[in-house]
J.: 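I'd like to ask you about the structure that follows.
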Amino acid sequence: MNREGKMGAPYLIGIDCGSTTAKSVVFAPDGRIAGTGQVRIPQLTKTPRHVERDMNEAWRLVAKTIRDALDDADCNGADIAGIGVTAHGDGLFLLDRSAQPLGHGIMSLDSRAFALHGEWKRSGQLDALMPIAGQRPYPYSANTLLAWIKHFEPERYRAAGTVFFAKDWLRFCLTGQIATELTEASTAFTDLHTQEYSQEILEALGLEDIASALPPMLSSCDQAGKVTAEAARLTGLLEGTPVSAGLHDVIAAAVGLGQISPGDMTVTAGTFSINEVIRDRPLVGSEWACRAGYRKGLWNCMAISPASASNLEWMARCVAPDTPDSAAMLIDSCIGRFESQRASRQIPLYHPIFSGRPSKRRQRLHFWVCNPGMTAWISSRP
């Protein structure tokens, strides 16, 4: 019985571990948000071009958000009927053959494989994959990162027992079950038409020897396991609570916005800007990636840019470095300016322009912020 005296109320928990923060939300039976927990998760960026995350620390912090959300909702684990999980997509999270983290998780903001990706582009290898995969691998795609690790960290590559993604790691921590699901696998490893693992993609990238490390691939609504005793102790959940396979965060956001039928379109601004249209057949184009939809037989055509909400946060830290929530302050300020200038039809424009070169010594990032009659120049040299 929960604290309101309602027997067996079927509350649900949704978990989202993004590029900057992790959030857990308790949903009431009527869809109302009953409680939330949120925490910032640090990125590890000491090595140029490397953007990583401590996998065990990420799980510890996510577990805290679950406990906080339960407390905020004034309920306990016995009130939770099921759990859904998502996290930032792409990147690469590896386990060794003992199911322990094999180094840090690599995030989708990582660019260590940029030079390798450039070689593939010049050789025509990226274009050759389009008819098979429905997309060109990105520098931060799991298959590109695996190829980089094979070349530069061969011992780590040979030690890999499981190749999966941020969401899959968190679900493993909850359930002890190793798996991925279709939308996540389609970012790097699946055939466009069959939506199954593609040996042809692995062979084209010299990764055929890693095939045995690809985990079982589930559908997003499949039950992927149940909360273990250890996860229950850390989170406040009840042991045995079912956990769904979940979705890649981009697809999860689209479904949450109501994009469930062919022809539906959504635009999402987060760490990445994602414009996507759902289709009932695969459609390949040079300006978008065609990945799996939330179930087999659906595809999402998505145009992707890494210059989105995260650069607004960077600019906010430059403008107000001593303000704890500088991003919210900047947004409130911009909204006020929008309202005051609406009558004059002056529309503020924000242009993120990165310049400079990656260097161990220094790197300069530049942003223009301008509208008619106002221009500001912001420069940062870490």
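Numbers here simply count residues along the sequence, with the first being 1. Note that this is a predicted model, so its numbers are computed, not measured.
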J.: Do Phe164 and Leu94 make a side-chain contact, defined as non-hydrogen atoms from C-beta onward lying under 4.5 Å apart?
T.: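 Phe164 vs Leu94: side chains apart.
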J.: Please tell me if the side chains of Arg279 and Val277 come closer than 4.5 Å, counting only heavy atoms from C-beta onward.
T.: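 They are in contact (side-chain heavy atoms under 4.5 Å apart), so the answer is yes.
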J.: So if you build clusters from Ile, Leu, Val, Met, Phe, Trp, Tyr with side-chain heavy-atom gaps below 4.5 Å, do Leu70 and Leu234 land together?
T.: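 The answer is yes; both residues are in one hydrophobic cluster.
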J.: Looking at Glu52, Gln43, Arg53, which hits side-chain hydrogen bond (donor to acceptor under 3.5 Å, both in side chains) with His104?
T.: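 Option passing the side-chain hydrogen bond (donor to acceptor under 3.5 Å, both in side chains) with His104: Glu52.
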J.: Cut-off 3.5 Å, no hydrogens considered: what does the side-chain donor-acceptor table look like for residues 242-259, sequence neighbours left out?
T.:
| unit_1 | atom_1 | unit_2 | atom_2 | d |
| --- | --- | --- | --- | --- |
| Ser244 | OG | Ile83 | O | 3.4 |
| His248 | ND1 | Val250 | N | 3.0 |
| Asp249 | OD1 | Gly89 | N | 3.4 |
| Gln259 | OE1 | Thr266 | OG1 | 2.7 |
| Gln259 | NE2 | Asp264 | O | 3.4 |

J.: Is it the case that the side chains of Asp16 and Thr86 hold a donor-acceptor pair, with the cut-off being a distance below 3.5 Å and no angle test?
T.: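 Absent: no donor and acceptor within the cut-off.
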J.: Looking only at non-hydrogen atoms, find the nearest pair between Cys290 and Pro282 and report the distance.
T.: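 Looks like SG-CA, 3.9 Å.
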J.: How long is the span from the CE atom in Met55 to the SG atom in Cys173, to the nearest 0.5 Å?
T.: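 Output value for this atom pair is 7.5 Å.
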J.: Should Thr162 and Phe93 be marked as a side chain to side chain contact (heavy atoms under 4.5 Å, CB included) after you check the CA-CA gap, both sets of side-chain angles, and the distance that decides it?
T.: CA-CA 8 Å; Thr162 300; Phe93 283 59; over 6 Å; no
J.: Is the backbone N or O of Ser98 less than 3.5 Å from a side-chain atom of Asp96, with the two atoms forming a donor-acceptor pair by type?
T.: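 Looks like yes, one N/O pair under 3.5 Å.
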J.: Taking Ser141 for its side chain and Asn143 for its backbone only, find out whether a donor-acceptor pair lies under 3.5 Å.
T.: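 Such a contact is absent between Ser141 side chain and Asn143 backbone.
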J.: With the 4.5 Å side-chain cut-off for hydrophobic clustering, are Leu298 and Ile260 part of the same group?
T.: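 Linked, Leu298 and Ile260 end up in one cluster.
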J.: Tyr140 vs Tyr138 aromatic rings, parallel, tilted or perpendicular, using cut-offs 30° and 60°?
T.: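 The arrangement is parallel - the two ring planes meet at less than 30°.
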J.: Would you mind listing the cluster partners of Leu12? Hydrophobic ones only (ILVMFWY), side-chain contacts under 4.5 Å, chaining allowed.
T.: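 Answer for Leu12: none, a lone residue.
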J.: Looking at side-chain heavy atoms only, is the closest gap between Arg112 and Leu145 below 4.5 Å?
T.: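 Yes, their side chains come closer than 4.5 Å.
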J.: State, to 0.1 Å, how close Leu129 and Ala204 come at their nearest heavy-atom pair, and which atoms those are.
T.: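 Heavy atoms only, the tightest pair is CD2-CB, 3.9 Å.
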J.: Between the side chain of Arg136 and the main-chain N/O of Ser286, is any donor-acceptor distance below 3.5 Å?
T.: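 Present.
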J.: To the closest 0.5 Å, what do you measure between OG (Ser186) and CD (Gln195)?
T.: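 The distance works out to 7.5 Å.
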J.: Go through the steps for Leu202 and Ile210 under the test side chain to side chain contact (heavy atoms under 4.5 Å, CB included), then give the verdict.
T.: CA-CA 8 Å; Leu202 296 178; Ile210 205 74; 4.3 Å; yes
J.: To the nearest 0.5 Å, what is the distance between NE2 on His117 and CZ on Arg122?
T.: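 Going from the NE2 atom of His117 to the CZ atom of Arg122 covers 11.0 Å.
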J.: Tell me every residue that passes side-chain contact (heavy atoms from CB on, under 4.5 Å) with Ser123, counting only those two or more places apart in sequence or in another chain.
T.: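 Applying side-chain contact (heavy atoms from CB on, under 4.5 Å) to Ser123 gives Gln125.
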J.: Mind checking what makes side-chain contact (heavy atoms from CB on, under 4.5 Å) contact with Ser198, not counting sequence neighbours?
T.: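 Applying side-chain contact (heavy atoms from CB on, under 4.5 Å) to Ser198 gives Ile132, Asp191, Glu200, Ile201.
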J.: Tell me whether Lys64 at atom NZ has more than 12 heavy atoms from other residues, nucleotides or ligands lying less than 6.0 Å away.
T.: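 At most 12 heavy atoms, drawn from other residues, nucleotides or ligands, come within 6.0 Å of this atom.
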J.: Are side-chain heavy atoms of Thr36 and Thr65 found at a separation under 4.5 Å?
T.: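 No. Closest side-chain heavy atoms not under 4.5 Å.
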J.: So among Val62, Asp54, Thr21, which one has a side chain to side chain contact (heavy atoms under 4.5 Å, CB included) with Ile41?
T.: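 The option that passes is Val62.
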J.: Set out, in order, the CA-CA distance, both residues' side-chain angles and the distance that settles side chain to side chain contact (heavy atoms under 4.5 Å, CB included) for Ser19 and Met107, then state yes or no.
T.: CA-CA 8 Å; Ser19 298; Met107 302 181 66; 4.0 Å; yes
J.: Would you kindly confirm whether Leu95 and Tyr157 end up in one hydrophobic cluster when ILVMFWY residues are joined by side chain heavy atoms under 4.5 Å apart?
T.: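 Linked within one cluster.
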J.: Looking at every non-hydrogen atom in both residues, tell me the closest pair between Ala99 and Ile178 and how far apart they are.
T.: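 So the two residues come closest at CB-CD1, 4.3 Å.
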J.: Compare all side-chain heavy atoms of Trp120 with those of Thr144 and state whether any distance is below 4.5 angstrom.
T.: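 SC-SC contact between Trp120 and Thr144 confirmed.
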J.: Counting distance only, does the side-chain N/O of Trp299 pair as donor-acceptor with the main-chain N or O of Gly134 below 3.5 Å?
T.: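 Not at all, since once roles are kept as given, no pair shorter than 3.5 Å links the two residues.
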J.: Does a side chain donor of either Arg291 or Gln135 reach within less than 3.5 Å of an acceptor in the other side chain?
T.: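 Their side chains do contain a donor-acceptor pair, which is all the 3.5 Å distance test asks for.
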J.: Can you find a pair of side-chain heavy atoms, one from Pro42 and one from Leu61, that are under 4.5 Å apart?
T.: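 Side chain of Pro42 against side chain of Leu61, heavy atoms only: contact under 4.5 Å found.
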J.: Whether the side chain of Asn76 engages the backbone of Ala78 through a donor-acceptor N/O pair (distance < 3.5 Å, no angle test) should be reported.
T.: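 Side chain of Asn76 to backbone of Ala78, a donor-acceptor pair under 3.5 Å: yes, one is there.
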J.: Quick one: hydrophobic cluster around Trp288, which other residues, with the 4.5 Å side-chain cut-off, linked directly or via members?
T.: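 Trp288 shares its hydrophobic cluster with Leu283.
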J.: Can you give me the closest heavy-atom contact between Leu146 and Val163, atom names plus distance?
T.: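 Leu146 and Val163 have their closest heavy atoms at CD1-CG1, 3.9 Å.
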J.: Considering only residues two or more places apart or on different chains, which pairs with a residue in residues 32-81 satisfy ring-ring contact (aromatic ring centres under 6.0 Å, His included)?
T.: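 Every ring-ring contact (aromatic ring centres under 6.0 Å, His included) pair that includes a residue of residues 32-81, provided the two are not neighbours, is His50-Trp148.
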J.: Atom CG of Leu238 and atom CD1 of Ile80: how far apart are they, to the nearest 0.5 Å?
T.: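 Separation between the atoms: 10.0 Å.
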J.: How far apart are the closest heavy atoms of Ala87 and Leu170, and which atoms are they?
T.: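 Looks like CB-CD1, 4.4 Å.
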J.: Hey, does the side chain of Asp110 reach the backbone of Val51 with a donor-acceptor pair shorter than 3.5 angstrom?
T.: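 Yes.
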J.: Taking the side chain from Ser219 and the backbone from Cys221, do they hold a donor-acceptor pair closer than 3.5 Å?
T.: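 Not a single qualifying donor-acceptor pair exists.
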J.: Enter the distance from Gln38:CD to Thr20:OG1 here, rounded to the nearest 0.5 Å.
T.: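 Spacing of CD (Gln38) from OG1 (Thr20) equals 8.0 Å.
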J.: Are the side chains of Val26 and Ile33 in touch, meaning some heavy atoms are under 4.5 Å apart?
T.: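 No, side chains not in contact.
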J.: Just by distance, with hydrogens left out, do Arg49 and Ser111 show a side-chain donor and acceptor under 3.5 Å apart?
T.: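 Yes, Ser111 and Arg49 have a side-chain donor paired with an acceptor closer than 3.5 Å.
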J.: Looking at Leu102 and Ala159, what are the two nearest heavy atoms and their distance?
T.: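 The answer is CD2-C, 3.8 Å.
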J.: Is there a donor-acceptor contact under 3.5 Å from the side chain of Asp168 to the main chain of Phe165?
T.: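 Confirmed, Asp168 side chain pairs with Phe165 backbone.
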J.: Checking the side chain of Thr228 only, and the main-chain atoms of Ala231 only, is there a donor and an acceptor separated by less than 3.5 Å?
T.: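 Yes; judged by distance alone, with no hydrogens or angles, the pair exists.
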J.: Working to the nearest 0.5 angstrom, can you tell me the gap between Tyr197 OH and Leu214 CG?
T.: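 These two atoms lie 5.0 Å from each other.
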J.: Let me see the working for Ile106 and Ile149 under side chain to side chain contact (heavy atoms under 4.5 Å, CB included), right down to the final yes or no.
T.: CA-CA 11 Å; Ile106 303 175; Ile149 290 172; 4.0 Å; yes
J.: Could you check whether any side-chain N or O of Thr175 sits under 3.5 Å from a backbone N or O of Gln177, counting only pairs where one atom can act as donor and the other as acceptor?
T.: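 Pair found, side chain donor or acceptor close to backbone of Gln177.
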J.: Under 4.5 Å between side-chain heavy atoms, hopping through other hydrophobics if needed: is there a path connecting Leu44 to Val39?
T.: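 No, because Leu44 and Val39 fall into different hydrophobic clusters, even though each may have its own neighbours under 4.5 Å.
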J.: Should the pair Arg171-Glu181 be classified as a salt bridge under the 4.0 Å nitrogen-to-oxygen rule?
T.: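 No, Arg171 and Glu181 are not salt-bridged.
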J.: Do Leu182 and Met217 have side-chain heavy atoms sitting under 4.5 Å apart?
T.: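 Leu182 reaches Met217 side chain to side chain.
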J.: Less than 4.0 angstrom from a charged side-chain N to a carboxylate O is my criterion; do Asp209 and Lys150 meet it?
T.: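 Lys150 and Asp209: salt-bridged.
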